[in-house]
There are 2 protein chains.
Amino acid sequence: MNERERGDRILNFYNDKRRMPSYREMLKLFSFKSTNAVHKLVEKLITAGFLSRDGSGHLVPGEGWGQVRMLGLVEAGFPTAVEEVELDTLSLDDWLIEKKESTYLLRVKGESMINAGIREGDMVLVEKTARVKTGDIVVAEVDGEWTMKYLREKSGERYLEPANPDFQPIFPRETLSIVAVVKAVIRKYT
Amino acid sequence: MNERERGDRILNFYNDKRRMPSYREMLKLFSFKSTNAVHKLVEKLITAGFLSRDGSGHLVPGEGWGQVRMLGLVEAGFPTAVEEVELDTLSLDDWLIEKKESTYLLRVKGESMINAGIREGDMVLVEKTARVKTGDIVVAEVDGEWTMKYLREKSGERYLEPANPDFQPIFPRETLSIVAVVKAVIRKYT
DNA sequence: AGTATAAGTGAACACCCGTTCACCAGTCAA
DNA sequence: TTGACTGGTGAACGGGTGTTCACTTATACT
């Protein structure tokens, strides 16, 4: 069993249980009989970057050992098992979510944003924020109704434009309040 | 400071440091002066579902308190602050990734799947697996080249079909090996 | 006013944690 | 063959951990 494999085993424990194993638990994990063996192994895994310590000395998963291995372009093909070590890994949560308190996941209804690649049933990750620019896809309340559209501006007036020629732009009669900005689109295949 | 707020503060610590705070650390977190106060608070947060204990009694984040709050349809609008408590939350990682060891993230190149809502620059979450069905979007190697297409079957023969009328279906001359199945598409706006 | 109940203090305790020390077996190079 | 190095055992230790007990203070309900 090599170093990489052992690091993976610890990180799998973390992913399962949402916490690091104690040295005594690692005894069983590796069939060791002395916590000192674990101690030495952990020190090596730390210098190797699999694990690390936070400010107060507690063991935490190493930087850049998130959940998914990221590869290059599709055309480039898959790397061999040997190369995999070099790859960057990341957690989707950390990658997509900037402010967890104000981030929400919505299911999309309707086909009004089809030309932006957003289809009925997709999930959109939105952030409640005041920092909106024209051109962003926003969730807004216009005249009492909720929709998701492009935010546009013409002669100083903001309006909403769908990404579907079958729908008409929405010029607010009374109120146009931007509630959230779409940060990402996630489509999951069953 | 109410219960919800205190639970959030602990979970924020967890999201920051990737581990649970100790009772002594929570002292500072809540400006308490006795670990017993923390103890009682934690017990309440556990019965409230914010936190929980794993098999060996260690403190872990409660079930269903992942990263993102999930809401209903866009048309439904945002709930008020009071209602938010009722919402389901989940971790994108847990939701999207089934087998972490064989899951990879690829950046899409080309427009051949545009009608499936997959555009150049999107990220696709793929899983190296043998369980492929016709109709799935797959990453495959045909005659030495790598592409992502729909997997189709006609008269017992498997071929690849793009989701773009400008491209032609690919009937393998020599080899067609399915490398991975596309499980999800993620488009991130900057 | 009286009294439960909730919420926090302060101290004590047993236990588990990570660390360390001394020691041993195998391997590989000089 | 010697010597250094790697990877493991076994035991011991100090400190941090969660828990518990007795007590105090504040809030709320008759």
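Computed from a predicted structure; not experimentally measured. Numbers restart at 1 for each chain; the letters A, B, ... are given by sequence-line order, proteins then strands.
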Tell me which nucleotide among [options] gets nearest to the side chain of [X].
{"X": "A:Arg6", "options": "D:dG8, D:dG18, C:dT19", "answer": "D:dG8"}
{"X": "A:Asn36", "options": "C:dG8, D:dG7, C:dC21", "answer": "C:dC21"}
{"X": "A:Thr35", "options": "C:dA7, D:dT20, D:dA11", "answer": "D:dA11"}
{"X": "B:Lys33", "options": "C:dT9, D:dG7, C:dA7", "answer": "C:dT9"}

Side-chain donor/acceptor contact of B:Ser34 with base of C:dG10 under 3.5 Å: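 Counting by modelled atom types and ignoring angles, a donor-acceptor contact under 3.5 Å is found here.
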
If you find the nucleotide of DNA chain C closest to A:Tyr23 and the one closest to B:Ala37, which residue's nucleotide is nearer the 5' end?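 Residue closer to the 5' terminus by nearest nucleotide: B:Ala37.
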
Position toward the 5' end of DNA chain C (nearest nucleotide), B:Lys44 or A:Gly57: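 The 5'-side residue here is B:Lys44.
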
Expressed in angstrom and rounded to an integer, what is the separation of [X] atom [atom1] from [N] atom [atom2]?
{"X": "A:His58", "N": "C:dC17", "atom1": "NE2", "atom2": "C1'", "answer": "9 Å"}
{"X": "B:Asp54", "N": "C:dC16", "atom1": "CG", "atom2": "P", "answer": "15 Å"}
{"X": "A:Met26", "N": "D:dT9", "atom1": "CE", "atom2": "C1'", "answer": "18 Å"}
{"X": "B:Leu41", "N": "D:dG18", "atom1": "CG", "atom2": "P", "answer": "13 Å"}
{"X": "A:Lys40", "N": "D:dT9", "atom1": "NZ", "atom2": "P", "answer": "10 Å"}

With DNA chain D as reference, determine whether A:Phe32 or A:Arg24 sits nearer its 5' end, using the nearest nucleotide of each.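 So the residue in question is A:Phe32.
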
A quick test of your reading: do over 12 heavy atoms of other residues, nucleotides or ligands sit less than 6.0 Å from NZ of B:Lys188?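 Buried by this count: over 12 neighbours within 6.0 Å.
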
Using the six-membered ring wherever Trp is involved, compare the ring planes of A:Phe171 and A:Tyr159 and label them parallel, tilted or perpendicular (cut-offs 30° and 60°).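 Aromatic pair A:Phe171/A:Tyr159 classed parallel.
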
Is the shortest heavy-atom distance from the side chain of B:Val185 to the side chain of B:Met123 under 4.5 Å?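 No, too far: nothing below the 4.5 Å cut-off.
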
Is it true that the side chains of A:Ser56 and B:Arg24 contain a donor and an acceptor less than 3.5 Å apart?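 A:Ser56 vs B:Arg24: no donor-acceptor pair found between side chains.
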
Does a donor on one side chain sit under 3.5 Å from an acceptor on the other, for A:Asn164 and A:Ser112?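 Not at all, the side chains of A:Asn164 and A:Ser112 share no donor-acceptor pair under 3.5 Å.
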
Does a side-chain N or O from A:His39 land closer than 4.0 Å to OP1 or OP2 of C:dT19, or not?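 Answer is yes, contact under 4.0 Å.
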
